[in-house]
Amino acid sequence: MLVLVLPVLLITASCNKYLDKKPSDGLLVPSTLADLQAIVDNQRGCTMVPRWLELPGDNYFLPTAIYNSRNEEIRRNYIWDGGIEASFSTEVPAVWGNPYMVIYESNLVLEYLPKVTVKESEAEKYRSVQGHAYFQRGFMFFSLAQLYCPAYSATASTDMGLPLRLGTGTSDKVPRASVEATYRQIIADLEKAAELLPDVQIVPMRPNKAAAYAALARTYLSMRDYVNAGLNADKSLVIQSTLLDYNMLDPAAGMNTLSTALNNPEISFVAAVNFNGVFDEAPAARVDTVLYQAFHNNDLRKTINYISDGGAYHVWRGNLWSGNLYPGMISPGFATDEMWLTRAECRARNADVSGAMSDLNTLLRKRWRTGTFTDMTATSAADALSKVLMERRKSLAFRGMRWTDLRRFNLEGANITLKRIVNNITYTLPPNDLRWTLLIPNREILASGLPQNPR
C-alpha cells in the first residue's frame, strides 16, 4: 500500500504548485503505523533541506572561470542579484519545492496517525513517528525562513514570513504568514517533537529528543533570544553531549575513517545536501582564505575538513557525518559540537565568562592534536564572546548556519558587509540590505499568487 503513496508524493515534487498538490482521489492511503513510519523514514527530511543555505554566505568563493561556467541561477544569486531561474527548468526550483514536499509528507503522516489502529505495544513507536513528523515540518519551515523571510527582529509581526501549509487539503490558498507567526509555528512543532521523540533512535536519520532541543536552540539563537537558546542547548546536552575526538581520525581519510554515521557519537540528526554547481564532488568552491588561515596547524579541523585544490587554495572536503556520503555536501543537521558552542555563546552574552570558556575548551580539546592545546581564557564577557564566535565560525562552516549568523550579527550592530569579486567587478552586500532575504522563485509566485519579497 505504501508503494502507492510515495509515487504520488514524488509526482507532487515535479509539479509547479507545491503548496496546492494533493493525492489523487483513487489513491490507496496509509493504513498502518508501519506505513507512516516508512514515509518519515524515506530520508527526504535528511536530504531536502534547502541547498542554498550556503550559497549567499562567505565561507567560500568561486574562481572567475568557475563562476562563468555556472548556470545563470547560481551566478545571479552568488552576487546577491537573484530571482532568475535556469531557463531549462519547467518546475519550481528544488530549493523551495523540496522542503515543501517534506512538509506535505509530514502533514500526511500527522493527518493519518489518528486513523490507524495501534497496539498497546506500539505506543512508543507511535509517539516517535508523530514526533518525527513534527520535527521535519518545523525544521523545513525554519530552513526556508532563513532564506526567504527577513531575519527575526522588532518588526517580525509585520514582516512577511512563509505560507504555513499545515494540512494536505488544497481548497484554500495559503497566504504568507508574518515572520512572528512563522517562528511561533516552528517553535510549536519543535516543542511537540521534543515532547514525543525518544532519547535514542536506532539510526541517526531519525531525530531523537536531543535533536529536537538542538533545533529549538538553533531557532531561538536565530531570533537572538539567547536565554531560550541557552536553555534548549543545555537540554540537548543533558541527553547527548559526547564529542568525537578528532585524534581518532586518519587525517588522510578524514571522515572516511568512520564507516557509517552510527560511529559518530556527536550526531543527533543527519542531514546532508549535495549542492551541485557549487559544492560538487569535484569541488568548484574554494574555502575563504581568511577562514582557512584562522586554523592553527595543530587544529585537526584544518586537515580533517579541508584539502588542497592542487594550487593556492583549499576546498571543503565534504560532509561531517561519515565517509559514506559524497564529498562536497553541506551538513545542516544537528550534532553536539553546535550545542557546546551555542551554550558557550549564550553564557558569554549573559556574562558567565567561566561557563562560556569551559564549554569552549571542552570542544577544542577534542579538536586539537593531543598534547598541543592549552585552555583558552578570557578577560571579560566581551572577550569570551569574541573567542566563542570565532570558534563557531570555524567549527560550523559549511553546516548551513553562517548566513543565519551573519543576519543576526548585523541586527546586533556588527556592521558586516559581504563582498564578491567576479570578472574584476566588486559586488557588495551591505548590512541589513533587502537582499539579505532571497527572492521566492518566480514560478512559485506566478503559480500561487504569493507576494514577492521587496527589492
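Just so we're clear, the structure is a prediction, and the values are computed from it rather than from any experiment. Sequence positions, counted from 1, serve as the residue numbers for this chain.
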**Q** Indicate the atoms forming the closest heavy-atom contact of Met205 with Cys46, along with that distance.
**A**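 Residues Met205 and Cys46, closest heavy atoms: O-SG, 3.6 Å.
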**Q** Could you verify whether a donor N or O on one side chain and an acceptor N or O on the other, from Arg435 and Asn453, lie under 3.5 Å apart?
**A**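 Short answer, no.
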**Q** Using a cut-off of 6.0 Å, state whether more than 12 heavy atoms not belonging to Tyr226 lie near its atom OH.
**A**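 Yes, OH of Tyr226 has more than 12 neighbouring heavy atoms, counting only those of other groups under 6.0 Å.
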**Q** Which heavy atom in Leu197 sits nearest to a heavy atom in Gly131, and how many Å separate them?
**A**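 So the two residues come closest at CD2-C, 3.7 Å.
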**Q** Taking ring pair (Phe, Tyr, Trp, His ring centres under 6.0 Å) as the definition, give me every residue that meets it alongside Tyr213, ordered by chain and number, with sequence neighbours left out.
**A**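 Counting only residues at least two positions away or on another chain, Tyr213 forms no ring pair (Phe, Tyr, Trp, His ring centres under 6.0 Å).
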**Q** Step by step, work out the side chain to side chain contact (heavy atoms under 4.5 Å, CB included) result for Asp225 and Thr219.
**A** CA-CA 9 Å; Asp225 182 342; Thr219 300; over 6 Å; no
**Q** So, using ring pair (Phe, Tyr, Trp, His ring centres under 6.0 Å) as the criterion, who are the partners of Phe295 when residues are at least two apart?
**A**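 In terms of ring pair (Phe, Tyr, Trp, His ring centres under 6.0 Å), with neighbours along the sequence ignored, Phe295 is linked to Tyr306.
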**Q** Please determine if Arg218 and Glu345 form a salt bridge, counting it only when a charged side-chain N lies under 4.0 Å from a carboxylate O.
**A**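 Salt bridge absent between Arg218 and Glu345.
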**Q** Kindly state each residue pair satisfying salt bridge (Lys or Arg N to Asp or Glu O under 4.0 Å) with at least one member in residues 202-214, sequence neighbours excluded.
**A**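 Listed by first then second residue: Asp41-Arg206.
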**Q** So that I know where these two stand, are Phe139 and Phe334 an aromatic pair - ring centroids less than 6.0 Å apart?
**A**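 Aromatic pair counts; centres sit under 6.0 Å.
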**Q** How far apart are the C-alpha atoms of Asn228 and Cys346, what are their side-chain angles, what is the distance that settles it, and do they pass the side chain to side chain contact (heavy atoms under 4.5 Å, CB included) test?
**A** CA-CA 9 Å; Asn228 279 310; Cys346 294; over 6 Å; no
**Q** To the nearest 0.5 Å, what is the distance between OG on Ser157 and CD on Glu180?
**A**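 With rounding to 0.5 Å, OG (Ser157) is 5.5 Å from CD (Glu180).
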**Q** Please examine the side chains of Arg367 and Leu300, heavy atoms only from C-beta on, and report whether any two atoms are closer than 4.5 Å.
**A**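 No, their side chains stay 4.5 Å or more apart.
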**Q** Any luck finding a side-chain donor-acceptor pair between Asn423 and Asn68 under 3.5 Å?
**A**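 The answer is yes; a qualifying pair exists.
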**Q** Say you draw a straight line from CG of Asp337 to CG of Leu396; how long is it, rounded to the nearest 0.5 Å?
**A**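 Here the interatomic distance stands at 6.0 Å.
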**Q** Does the ring of Trp368 carry Arg365 above it, NZ/CZ under 6.0 angstrom from centre and within 45° of its axis?
**A**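 No, Arg365 does not lie over the aromatic ring of Trp368.
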**Q** Dump the intermediate steps for ring pair (Phe, Tyr, Trp, His ring centres under 6.0 Å) on Tyr183 and Phe141, then the final yes or no.
**A** CA-CA 8 Å; Tyr183 276 80; Phe141 279 143; over 10 Å; no
**Q** Which residues pass the side-chain hydrogen bond (donor to acceptor under 3.5 Å, both in side chains) test with Thr404, not counting sequence neighbours?
**A**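 Per chain and number, Thr404 pairs via side-chain hydrogen bond (donor to acceptor under 3.5 Å, both in side chains) with Gln146.
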**Q** Regarding Ser448 and Glu444, is there a side-chain donor-to-acceptor distance under 3.5 Å anywhere?
**A**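 Judged by distance alone, the side chains do pair up.
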**Q** Can you name the nearest heavy-atom pair linking Ser308 to Gly310, along with the distance?
**A**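 Taking every non-hydrogen atom into account, OG-N, 2.9 Å.
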**Q** Which residues satisfy the side-chain hydrogen bond (donor to acceptor under 3.5 Å, both in side chains) test with Ser128, sequence neighbours excluded?
**A**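 In terms of side-chain hydrogen bond (donor to acceptor under 3.5 Å, both in side chains), with neighbours along the sequence ignored, Ser128 is linked to Gln201.
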**Q** Between Asn42 and Glu105, does any side-chain donor sit less than 3.5 Å from a side-chain acceptor?
**A**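 Present: a donor and an acceptor within the cut-off.
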**Q** Treating Asn77 as the side-chain partner and Trp80 as the backbone partner, does any N or O pair qualify as donor plus acceptor under 3.5 Å?
**A**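 Flag not set: sc Asn77 to bb Trp80 has no pair under 3.5 Å.
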**Q** With sequence neighbours excluded, what pairs up with Arg407 under the side-chain hydrogen bond (donor to acceptor under 3.5 Å, both in side chains) test?
**A**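 Testing Arg407 for side-chain hydrogen bond (donor to acceptor under 3.5 Å, both in side chains), a comparison that skips the adjacent residues, returns none.
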**Q** Walk me through whether Arg420 and Thr426 qualify under side chain to side chain contact (heavy atoms under 4.5 Å, CB included).
**A** CA-CA 6 Å; Arg420 309 276 205 206; Thr426 299; over 6 Å; no
**Q** Determine all donor-acceptor pairs shorter than 3.5 Å in which one atom belongs to a side chain in residues 55-67; sequence neighbours excluded.
**A**
residue : atom : partner : partner atom : Å
Asp58   : OD1  : Arg402  : NE           : 2.8
Asp58   : OD2  : Arg402  : NH2          : 3.1
Asn59   : OD1  : Arg393  : NH1          : 2.3
Asn59   : ND2  : Glu54   : OE1          : 3.1
Tyr60   : OH   : Leu55   : O            : 2.5
Tyr67   : OH   : Arg75   : O            : 3.4

**Q** Output all residues satisfying side-chain hydrogen bond (donor to acceptor under 3.5 Å, both in side chains) with Asp405, sequence neighbours left out; order by chain, then residue number.
**A**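 So Asp405 forms a side-chain hydrogen bond (donor to acceptor under 3.5 Å, both in side chains) with Arg392, Arg408.
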**Q** Would you please name every residue forming a ring pair (Phe, Tyr, Trp, His ring centres under 6.0 Å) with Tyr134, sequence neighbours left out?
**A**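 For Tyr134 there are no ring pair (Phe, Tyr, Trp, His ring centres under 6.0 Å) partners, ignoring immediate neighbours.
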**Q** Tell me whether Asn410 contacts the main-chain N or O of Asn415 through its side chain, where contact means a donor paired with an acceptor under 3.5 Å.
**A**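 Present.
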**Q** Report yes or no: does Trp340 contribute a side-chain atom to a donor-acceptor pair with the main-chain N or O of Ser241 at less than 3.5 Å?
**A**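 Such a contact is found between Trp340 side chain and Ser241 backbone.
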**Q** Determine whether more than 12 heavy atoms belonging to other residues, nucleotides or ligands lie under 6.0 Å from atom CE of Met390.
**A**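 Enclosed.
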**Q** Please round to the nearest 0.5 Å and tell me the distance separating atom OH of Tyr104 and atom CE of Met101.
**A**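 Here the rounded value is 11.5 Å.
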**Q** Any chance NZ of Lys366 has more than 12 other-residue heavy atoms, nucleotides or ligands included, within less than 6.0 Å?
**A**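 Atom NZ in Lys366 is not crowded, with 12 or fewer foreign heavy atoms closer than 6.0 Å.
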**Q** Can you list every salt bridge (Lys or Arg N to Asp or Glu O under 4.0 Å) pair that touches residues 303-314, not counting sequence neighbours?
**A**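 Listed by first then second residue: Arg286-Asp309.
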**Q** Quick check against the 3.5 Å criterion: does Ser178 have a side-chain atom that pairs as donor or acceptor with the backbone of Ala181?
**A**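 Yes; at least one donor-acceptor contact below 3.5 Å.
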**Q** For residues Ala384 and Ala356, report the shortest heavy-atom separation together with the two atoms involved.
**A**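 What the structure gives for the nearest pair is CB-CB, 4.5 Å.
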**Q** Would you mind listing every ring-ring contact (aromatic ring centres under 6.0 Å, His included) that reaches into residues 399-454, with sequence neighbours excluded?
**A**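 For residues 399-454: Trp403-Trp436.
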**Q** Once rounded to the nearest 0.5 Å, what's the spacing between atom CG of Leu438 and atom CG of Leu434?
**A**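 It is 12.0 Å, given to the nearest 0.5 Å.
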**Q** Yes or no on side-chain hydrogen bond (donor to acceptor under 3.5 Å, both in side chains) for Arg137 and Asn107, after CA distance, side-chain angles and deciding distance?
**A** CA-CA 8 Å; Arg137 190 171 73 181; Asn107 290 336; 2.8 Å; yes
**Q** For Leu162, does its backbone N or O pair with a side-chain atom of Thr182 as donor and acceptor, under 3.5 Å?
**A**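 A pair under 3.5 Å: yes.
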**Q** The criterion is ring pair (Phe, Tyr, Trp, His ring centres under 6.0 Å); which residues satisfy it with Tyr148, sequence neighbours excluded?
**A**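 In terms of ring pair (Phe, Tyr, Trp, His ring centres under 6.0 Å), with neighbours along the sequence ignored, Tyr148 is linked to Trp96.
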**Q** Treating Lys394 as the side-chain partner and Ala294 as the backbone partner, does any N or O pair qualify as donor plus acceptor under 3.5 Å?
**A**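 Checking the backbone N and O of Ala294 against the side chain of Lys394, a donor-acceptor pair under 3.5 Å is found.
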**Q** Atom CZ of Arg224 and atom OG of Ser153: how far apart are they, to the nearest 0.5 Å?
**A**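 It comes to 7.0 Å.
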**Q** May I ask you to decide if Asn232's main-chain N or O and Ser236's side chain share a donor-acceptor pair within less than 3.5 Å?
**A**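 Side chain of Ser236 to backbone of Asn232, a donor-acceptor pair under 3.5 Å: no, none is there.
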**Q** Say whether Glu111 and Thr168, considering side chains only, have a donor N or O and an acceptor N or O under 3.5 Å apart.
**A**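 Yes, because at least one side-chain N or O of Glu111 sits under 3.5 Å from a partner of the opposite role on Thr168.
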**Q** Once you round to the nearest 0.5 Å, how far does CG of Leu363 lie from OG of Ser395?
**A**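 With rounding to 0.5 Å, CG (Leu363) is 5.0 Å from OG (Ser395).
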**Q** Could you tell me whether the side chains of Asp189 and Gln185 share a donor-acceptor contact shorter than 3.5 Å?
**A**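 Indeed, the side chains of Asp189 and Gln185 share at least one donor-acceptor pair under 3.5 Å.
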**Q** Would you sort out whether Val273 and Thr47 count as a side chain to side chain contact (heavy atoms under 4.5 Å, CB included), showing the intermediate values?
**A** CA-CA 5 Å; Val273 184; Thr47 61; 5.8 Å; no
**Q** Can you tell me if Arg369 and Asn247 form a side-chain donor-acceptor pair at under 3.5 Å?
**A**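 There is no such pair between these side chains.
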